[in-house]
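Every heavy atom of this structure was used, including side-chain atoms; hydrogens, water molecules and symmetry mates were not. FYI, the numbering just counts along the sequence from 1. Values in this document were obtained by computation on a predicted structure and should not be read as measured data.
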Amino acid sequence: MNAGSDQERAAINQELKDLYASLSEDDKKIFNEQLQTFLTKEVSRIKSDYESVQGLNQAN
C-alpha cells in the first residue's frame with residue numbers, strides 16, 4: 001500500500017475493515033472469492049518476475 005506513514009496505513013486499514021464489516025454475508029463471500037482470485041494472480045505474477053530477475057544472475 002502506498003501510505004505515507006504508519007498512521008496513514010493504520011487509518012486505511014481501519015477504513016477497509018469497517019467497509020468489510022458493513023457488507024452482507026453474501027457480499028463478503030463474493031468479496032473473499034474475488035480477493036482470492038486477485039491474490040493468486042498477483043502472487044503468480046510476482047513469482048514469474050522474481051524468477052526472471054533471478055535468471056539474469058545466472059551464467060549462460
More than 12 heavy atoms of other residues, nucleotides or ligands under 6.0 Å from [atom1] of [X]: yes or no?
{"X": "K28", "atom1": "NZ", "answer": "yes"}
{"X": "Q14", "atom1": "CD", "answer": "yes"}
{"X": "E33", "atom1": "CD", "answer": "yes"}

Name the one of K47, K41, E42 that satisfies side chain to side chain contact (heavy atoms under 4.5 Å, CB included) with R45?
E42

Is it true that R9 and D6 make a salt bridge, defined as a side-chain N closer than 4.0 Å to a carboxylate O?
yes

Same cluster or not: L23 versus L39, using hydrophobic residues (I, L, V, M, F, W, Y) connected whenever any side-chain heavy atoms lie under 4.5 Å apart?
yes

Determine whether I12 and L19 fall in the same hydrophobic cluster, where Ile, Leu, Val, Met, Phe, Trp and Tyr are linked whenever their side-chain heavy atoms lie under 4.5 Å apart.
no

Check: S44 main-chain N/O paired with S48 side-chain donor or acceptor under 3.5 Å:
no

Regarding N32 and Q36, do their side chains bring together a donor and an acceptor under 3.5 Å, going by distance alone?
no

For Y20 and D27, which I'm curious about, is there any donor-acceptor pair between the side chains at under 3.5 Å?
no

